[in-house]
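Have a look at the structure below, then the notes.
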Amino acid sequence: RGYGKLILINHNSSTLTAYAHNDALHVQKDQTVRAGQTIATMGSSDSDRVKLHFEVRINGKAVWDEDGNFLGYRGTGSDVTEELRAEQRLRTAEQRLSDALAAARDGIALYGADGRLVMCNRRYEESLMLDAENDDPAPHFATVVRRNFAAGLFGPGIDQQWVERRIAAFSEATGEAHEAQLANGNWHEARDFRAGDGGTLVVVSDVTARKRREVMLSRYRDELEEMVAERTQQLENAQSELLTNARLVTIGRLAATVSHELKNPLGAIRNAAYLLGRGVACADDKAKKYIDIIERELHHSEQIGRAHV
């Protein structure tokens with residue numbers, strides 16, 4: 001009747017779906033089919049081109065003849081093609097979202113406006129131990145954080161005050177990063193984003209590799225600062241030594257100059273003392289004593305001069 005090779009699927013006593021213009025039928029009459037089963041190959045039978053299937057929903061009562069034979073249903077029918085297409089698009093979009101979440105490297109979760117978990121991927125479940133036997137299927141975010149803190153999931157530096165700040169940050173959902181070290185030594189970074197319906201999208205990333213690089217860079221920076229400080233001290237010591245040597249050279253030169261300048265006066269004094277000694281050979285002992293003192297101090301002065309030349 002204009003539908004080519006047609007298949008009718010009887011879902012219940014009041015609902016039928018029809019698939020028209022098929023190329024090949026893969027089921028038999030009165031056969032039970034299941035969701036997802038291939039029942040036909042789309043084609044162009046009784047049509048000038050390949051068409052999508054045609055679905056009809058029937059709501060009514062069964063009609064029987066006088067002999068008790070079933071004649072069909074009497075009621076109203078509606079074309080639900082667009083409705084089913086929209087449902088198919090929705091299922092496709094949901095499947096794509098599910099696939100994307102499963103492939104994501106980060107843990108991703110969507111919480112409703114009431115703070116309860118709506119959906120999440122496997123990585124999020126693993127990161128926050130959501131697959132425990134006693135899990136509430138839709139736990140509140142605060143419950144998740146407090147329970148994992150009590151279970152010892154977090155590492156050093158995470159206390160009750162941090163837990164309460166994390167819960168408050170979830171309520172604000174500003175996208176700010178919140179880092180936490182776990183008991184196994186790994187690091188997680190969580191960010192909260194407000195969804196259009198008032199819910200909250202939580203993204204948890206494993207930043208262990210980055211934190212390890214930061215530790216290594218900090219260690220290298222400390223070692224470099226120590227090397228610079230040590231080298232600076234060596235340079236300062238060398239500079240001090242050079243200045244000391246320069247002062248010593250200057251003092252040596254000054255001493256040599258003074259010694260040279262004193263040599264002539266000392267020589268003159270020595271000659272005068274000698275002549276004075278000869279002239280007062282017959283002088284008293286007190287005069288001779290003073291002449292001996294002059295000669296002795298002259299000798300001492302000459303020794304000092306030679307020692308600093």
Side-chain angles (χ1 to χ4, degrees), residues 86-225:
E87 292 178 356
Q88 180 60 41
R89 288 194 295 268
L90 177 60
R91 287 193 295 269
T92 300
E94 290 177 344
Q95 185 61 47
R96 289 175 179 174
L97 176 60
S98 177
D99 293 342
L101 291 176
R105 299 178 59 183
D106 297 330
I108 302 175
L110 178 62
Y111 287 83
D114 59 354
R116 291 188 170 275
L117 182 66
V118 176
M119 63 181 298
C120 67
N121 62 357
R122 171 57 63 178
R123 288 188 179 275
Y124 188 85
E125 292 179 353
E126 294 172 349
S127 66
L128 292 179
M129 303 191 314
L130 291 178
D131 53 352
E133 294 181 358
N134 58 349
D135 269 345
D136 178 351
H140 194 280
F141 179 83
T143 302
V144 173
V145 177
R146 292 191 178 113
R147 184 194 59 197
N148 281 285
F149 173 72
L153 175 69
F154 301 109
I158 304 301
D159 54 16
Q160 187 63 46
Q161 292 181 348
W162 183 94
V163 171
E164 298 307 319
R165 288 197 301 271
R166 179 68 189 92
I167 295 172
F170 169 82
S171 300
E172 296 174 359
T174 62
E176 179 182 357
H178 305 277
E179 294 183 347
Q181 186 177 17
L182 305 184
N184 61 6
N186 291 341
W187 284 83
H188 279 181
E189 178 186 86
R191 295 177 182 271
D192 311 316
F193 303 93
R194 184 70 67 215
D197 61 354
T200 304
L201 179 67
V202 180
V203 180
V204 179
S205 306
D206 187 337
V207 294
T208 305
R210 190 190 74 193
K211 297 296 290 186
R212 288 175 179 171
R213 288 194 298 269
E214 290 177 355
V215 171
M216 292 179 62
L217 288 174
S218 178
R219 185 182 305 133
Y220 291 152
R221 183 178 61 252
D222 293 342
E223 292 176 355
L224 180 59
E225 289 178 353

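Predicted model only: the values in this text are computed from it and were never measured. These values consider heavy atoms only, across backbone and side chains, with no hydrogens, waters or symmetry-generated copies.
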Q.
What's the separation between atom CG in L224 and atom CZ in R219, rounded to the nearest 0.5 Å?
A. 14.5 Å
Q. Considering only heavy atoms from C-beta outward, does the side chain of V202 approach that of V204 to under 4.5 Å?
A. yes
Q: Flag the pair N186 / R212 as yes when at least one side-chain heavy-atom distance between them is below 4.5 Å, and no otherwise.
A: yes
Q.
Within the structure provided, determine whether Y111 and L117 are in side-chain contact (heavy-atom separation under 4.5 Å).
A. yes
Q. Taking the side chain from R122 and the backbone from A102, do they hold a donor-acceptor pair closer than 3.5 Å?
A. no
Q. Below 4.0 angstrom, N of the basic side chain to O of the carboxylate: do R210 and E179 qualify?
A. yes
Q) Is it true that a side-chain atom of T92 and a backbone atom of Q88 form a donor plus acceptor pair closer than 3.5 Å? A) yes
Q) What distance separates L182 CG from N148 CG, expressed to the nearest 0.5 Å? A) 9.5 Å
Q) Where do A138 and R116 come nearest, in terms of heavy atoms and distance? A) O-NH1, 2.7 Å
Q. Closest heavy-atom contact between G152 and A183?
A. O-CB, 3.3 Å
(Q) Can you tell me how far apart CZ (F193) and OG1 (T174) are? Round to the nearest 0.5 Å. (A) 9.0 Å
Q. Do W162 and F154 have ring centres separated by under 6.0 Å?
A. yes
**Q.** Least distance between heavy atoms, R191 atom then G175 atom
**A.** NH1-O, 2.9 Å
(Q) Please report the interatomic distance CD(E164) to CZ(R166), rounded to the nearest 0.5 Å. (A) 12.0 Å
Q.
Using 30° and 60° as the class boundaries, would you call the ring planes of F170 and F141 parallel, tilted or perpendicular?
A. parallel
Q. Below 4.0 angstrom, N of the basic side chain to O of the carboxylate: do K211 and E214 qualify?
A. yes
Q.
Quick check for you: to the nearest 0.5 Å, what is the distance between R91 atom CZ and R96 atom CZ?
A. 13.5 Å
Q. Counting heavy atoms not belonging to R105, are there more than 12 under 6.0 Å from its CZ?
A. no
**Q.** More than 12 heavy atoms of other groups within 6.0 Å of Q161 CD
**A.** no
Q) Can you find a side-chain donor-acceptor pair between S218 and R221 that sits under 3.5 Å? A) yes
Q) Taking all atoms of both residues into account, what is the closest heavy-atom pair of R146 and V163, and its distance? A) CG-CG1, 4.0 Å
Q. Given side chains that start at C-beta, do those of D206 and W187 come closer than 4.5 Å, heavy atoms only?
A. no
Q.
Can you see whether T200 engages D192 through a side-chain donor-acceptor pair at a distance of less than 3.5 angstrom?
A. no
Q | For H188 against V207, the heavy-atom pair lying closest together | A | C-CG2, 4.1 Å
Q: Measure across V118 and G112 and return the closest heavy-atom pair with its distance rounded to 0.1 Å.
A: CG2-N, 3.4 Å
(Q) Under a plain distance cut-off of 3.5 Å, with no hydrogens placed, do N121 and E125 share a side-chain donor-acceptor pair? (A) no
(Q) Can you tell whether the side chains of R194 and E172 come within less than 4.0 Å, N to carboxylate O? (A) no
